[in-house]
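Down below is the structure, laid out as structure tokens.
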Amino acid sequence: QVPLVESGGGLVQPGGSLRVSCAASGFTVHNYAMAWYRQAPGKERELVASITSGGTTTYAESVKGRFTISRDNAKNLVYLQMNSLKPEDTAVYYCHRFHFGYWGQGTQVTVSS
């Protein structure tokens, strides 16, 4: 089983919204610090948002006020709600468990008119 599987990406116009999801297998997301990263072509992977096991969240300065990370503990899912999207948000989005040596395939988010 693949431990992390991202889904929900797609094409959206600037100013639009999208929610991407991360399904975890083999562990309970409620018990770990989880994060969303993104990587644009030719750029390094960057941390977008994180949430601790206690529910404390952090965000990159570029997405504060627009993105929200959350968990659905019953479904063992991690979400990233993205609002007021900008072209510079275009990237492959990955979820990650801190200190866990596995990555999923990511989900492509493209913001374009």
Side-chain angles (χ1 to χ4, degrees):
Q1 292 290 326
V2 178
L4 297 169
V5 179
E6 301 91 343
S7 63
L11 176 65
V12 63
Q13 293 186 345
S17 298
L18 200 65
R19 187 179 72 170
V20 291
S21 302
C22 173
S25 299
F27 68 95
T28 301
V29 299
H30 177 70
N31 293 332
Y32 297 90
M34 300 293 298
W36 283 96
Y37 289 78
R38 67 186 181 188
Q39 187 167 27
K43 297 184 178 180
E44 294 186 359
R45 183 183 63 208
E46 65 172 338
L47 178 63
V48 176
S50 65
I51 183 168
T52 69
S53 60
T56 301
T57 58
T58 60
Y59 298 93
E61 188 67 30
S62 60
V63 307
K64 285 182 179 178
R66 300 189 298 121
F67 289 12
T68 304
I69 187 171
S70 62
R71 298 181 301 234
D72 185 330
N73 295 328
K75 297 180 179 179
N76 207 35
L77 296 175
V78 182
Y79 299 108
L80 184 68
Q81 177 67 47
M82 300 178 285
N83 298 326
S84 302
L85 283 161
K86 305 174 181 179
E88 50 263 45
D89 295 318
T90 296
V92 177
Y93 284 72
Y94 302 89
C95 71
H96 184 64
R97 178 182 126 186
F98 285 128
H99 314 298
F100 189 59
Y102 297 93
W103 295 83
Q105 293 298 307
T107 186
Q108 176 72 50
V109 174
T110 302
V111 184
S112 177
S113 60

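We number each residue from 1, following the sequence as shown.
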Check the pair R66 / Y59 against side-chain contact (heavy atoms from CB on, under 4.5 Å), numbers first and verdict last. CA-CA 10 Å; R66 300 189 298 121; Y59 298 93; over 6 Å; no

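- Here the side chain of T90 pairs a donor or acceptor atom with the backbone of V111 at under 3.5 angstrom.
- Aromatic ring centres of F27 and Y32 lie closer together than 6.0 Å.
- Looking at D89, its side chain does come within 3.5 Å of a backbone N or O of K86 through a donor-acceptor pair.
- Sparse packing is recorded around OH of Y102, with 12 or fewer heavy atoms of other residues, nucleotides or ligands lying under 6.0 Å away.
- The main-chain N or O of T107 is never found under 3.5 Å from a side-chain atom of Y94 such that the two would form a donor-acceptor pair.
- Residue Q105 places its CD atom among 12 or fewer non-hydrogen atoms of other residues, nucleotides or ligands, all under 6.0 Å distant.
- Relative orientation of the H96 and W103 rings is parallel, given thresholds of 30° and 60° on the angle between their planes.
- When hydrophobic residues (I, L, V, M, F, W, Y) are linked wherever their side-chain heavy atoms come within less than 4.5 Å, the members clustered with L77 are Y79.
- A heavy-atom distance below 4.5 Å is found between the side chains of L4 and M34.
- Listed here is the closest heavy atom pair of V48 and Y37: CG2-C, 4.0 Å.
- In summary, the side chains of T58 and S50 do present a donor paired with an acceptor at a separation below 3.5 Å, with no hydrogens or angles considered.
- In plain terms, the two heavy atoms of R19 and Q81 that are nearest each other are CB-OE1, 3.4 Å.
- Taking hydrophobic clusters as Ile, Leu, Val, Met, Phe, Trp and Tyr residues chained together by side-chain heavy-atom distances below 4.5 Å, V12 shares a cluster with V63.
- Scanning all heavy atoms of the two residues, the minimum distance from W36 to I69 falls at CD1-CD1, 3.6 Å.
- Judged by distance alone, with hydrogens and angles left aside, the side-chain atoms of T52 form a donor-acceptor pair with the main-chain N or O of G54 at under 3.5 Å.
- Side-chain atoms of S17 and N83 include a donor-acceptor pair closer than 3.5 Å.
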| Please walk me through it: do E6 and V20 pass side-chain contact (heavy atoms from CB on, under 4.5 Å)? | CA-CA 7 Å; E6 301 91 343; V20 291; over 6 Å; no

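- At distances below 3.5 Å, not a single donor-acceptor pair connects side-chain atoms of R45 with backbone N or O atoms of R38.
- Annotation: E88, atom CD; neighbour count of heavy atoms from other residues, nucleotides and ligands within 6.0 Å is above 12.
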Steps toward side-chain contact (heavy atoms from CB on, under 4.5 Å) verdict (L18, L85): CA-CA 8 Å; L18 200 65; L85 283 161; 4.0 Å; yes

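- Annotation for V92 and G106: closest pair CG1-CA, 3.8 Å, computed over non-hydrogen atoms.
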* Asked: Where do R71 and H30 land on the side-chain contact (heavy atoms from CB on, under 4.5 Å) test, with the steps shown first?
  -> CA-CA 7 Å; R71 298 181 301 234; H30 177 70; 3.7 Å; yes

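- Looking only at distances, a side-chain donor or acceptor of N76 sits under 3.5 Å from a matching main-chain atom of V29.
- Counting all heavy atoms, side chain and backbone alike, S70 lies closest to I51 at CA-CD1, 4.4 Å.
- Under the 4.5 Å side-chain criterion, counting only non-hydrogen atoms from C-beta, S112 is not in contact with P14.
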